[in-house]
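Have a look at the structure below before the remarks.
In this text the structure is predicted, and so the values were computed from the model without any measurement.
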Amino acid sequence: MPDALRLALGTLTAIRVPAPRTVDRRTSGRAMLLAPFVGTLLALLAGVVIAAVRIFATAERPASTVDLLAAVLGITVLALLTRGLHLDGLADLADATGVKGVGDAARERRLAVMREPAVGAFGVAAMVLTVLLQVTALTECSVAHYGTVALLTAVTSSRLAATWACTVGVPSARPEGLGALVSGSVSRRAALAVTVVVLLGAAALGRFDDDGTLQMSGTLVVAALVALAVGWFVRRRAERLLGGVTGDVLGAIIELATAAALVTTAIGADLDLSHLVLTW
């Protein structure tokens with residue numbers, strides 16, 4: 001197994017793999033380019049659980065109840081497969097935003113807060129609200145019979161947002177840690193190439209959906225773009241507050257971008273977003 005794949009799986013999932021033989025900037029960059037495809041794998045595993053709930057659900061249960069249970073279990077599986085590290089990163093970044101002040105002193109206090117193992121009120125609120133958004137939006141997508149493609153698009157594009165947060169020019173907030181290892185390690189040209197693949201994949205998923213309409217393809221592409229926009233916003237916010245990215249920032253990007261993509265799909269599937277994609 002290539003070192004980049006070992007690093008991607010070992011860092012972004014709870015899947016046990018041998019440790020990379022060499023970890024350098026080149027390996028780190030390649031690992032982050034693989035992040036969206038690692039997301040696809042995670043979404044497929046969660047999708048198996050969701051499908052199993054539907055298959056074994058009794059006929060007496062209301063369909064909406066089954067879809068809610070399936071969505072809760074699907075999001076839970078994602079959390080388990082990532083050891084909850086992305087949610088922890090979201091909580092840490094949320095707590096850091098509660099530190100007031102400007103300048104280097106405030107920045108150091110925020111970084112110190114993120115190192116603390118305890119979770120504050122901001123962190124709890126961020127985790128609860130984000131998971132609620134993910135579960136509710138996935139349930140809505142499942143009720144409308146496009147839950148699988150919505151989950152695949154959201155989880156893949158959220159990891160793509162993390163890839164973009166590691167492109168050349170993005171600083172690390174600390175001289176050590178995951179952020180220092182991966183920040184600036186991905187070329188923009190390579191990130192753009194992977195983005196094209198992900199967007200084409202989202203469009204194809206829409207065509208392979210039960211309805212197979214251009215509207216569904218357009219919705220999934222827009223959802224992926226919204227995930228990237230949210231990731232960009234969080235990364236810029238982190239640069240202003242912390243001076244750069246950390247592993248926690250990448251986790252926050254992943255969780256918030258996943259929620260954004262699911263919400264966009266849940267809302268956008270009832271609208272005709274295909275003309276937006278064609279115009280773009």
Side-chain angles (χ1 to χ4, degrees), residues 2 4-15 17 27-47 74-75 77-90 93 130-131 133-134 137-138 148-167 170 178-179 181-183 185-188 190-202 204-205 220-221 223-235 238 245-265:
L5 182 57
R6 293 184 183 186
L7 182 60
L9 290 173
T11 302
L12 298 171
T13 76
I15 299 173
V17 293
T27 301
S28 301
R30 289 179 175 177
M32 292 311 300
L33 285 172
L34 290 173
F37 309 109
V38 171
T40 302
L41 172 62
L42 295 176
L44 288 172
L45 294 174
I75 298 301
V77 167
L78 287 177
L80 292 174
L81 288 174
T82 57
R83 298 189 295 272
L85 290 178
H86 303 328
L87 286 171
D88 179 69
L90 171 62
L93 180 60
T130 300
V131 171
L133 278 175
Q134 292 175 355
L138 182 55
T148 302
V149 295
L151 187 65
L152 280 167
T153 301
V155 177
T156 300
S157 58
S158 66
R159 273 65 181 177
L160 177 61
T163 299
W164 275 101
C166 298
T167 50
V170 178
L178 179 62
L181 179 65
V182 300
S183 63
S185 64
V186 179
S187 73
R188 291 190 180 93
L192 183 60
V194 175
T195 301
V196 171
V197 172
V198 171
L199 293 179
L200 289 175
L205 280 176
L220 293 178
V221 171
L225 292 173
V226 169
L228 293 181
V230 169
W232 174 86
F233 174 80
V234 175
R235 190 260 296 176
V245 298
T246 67
D248 287 334
V249 172
L250 297 180
I253 287 173
I254 287 172
E255 292 296 339
L256 292 173
T258 298
L262 287 173
V263 170
T264 301
T265 307

Please confirm whether the backbone N or O of Ala150 pairs with a side-chain atom of Thr153, one donor and one acceptor, at under 3.5 Å? no
Give a yes or no on whether the backbone of Gly89 and the side-chain of Glu255 come within a donor-acceptor separation of less than 3.5 Å. no
Are the side chain of Thr82 and the backbone N or O of Leu85 linked by a donor-acceptor pair below 3.5 Å? no
Could you please spell out the steps behind the side-chain contact (heavy atoms from CB on, under 4.5 Å) verdict for Leu93 and Val249? CA-CA 6 Å; Leu93 180 60; Val249 172; 4.3 Å; yes
Trace of the side-chain contact (heavy atoms from CB on, under 4.5 Å) decision for Leu225 with Leu199: CA-CA 8 Å; Leu225 292 173; Leu199 293 179; 4.0 Å; yes
Ala223 versus Thr264, closest heavy-atom pair with distance: CA-CG2, 3.7 Å
May I ask you to decide if Ala8's main-chain N or O and Thr11's side chain share a donor-acceptor pair within less than 3.5 Å? no
Tell me whether Thr167 contacts the main-chain N or O of Thr163 through its side chain, where contact means a donor paired with an acceptor under 3.5 Å. no
Within 6.0 angstrom of Phe233 CZ, more than 12 heavy atoms from elsewhere: no
Return the minimal non-hydrogen interatomic distance between Leu33 and Ala191, and the atom names on each side. CD2-N, 4.0 Å
For residues Leu250 and Ala165, report the shortest heavy-atom separation together with the two atoms involved. CD2-CB, 3.8 Å
Heavy atoms of Arg6 and Val17 approach each other most closely as O-CG2, 3.5 Å
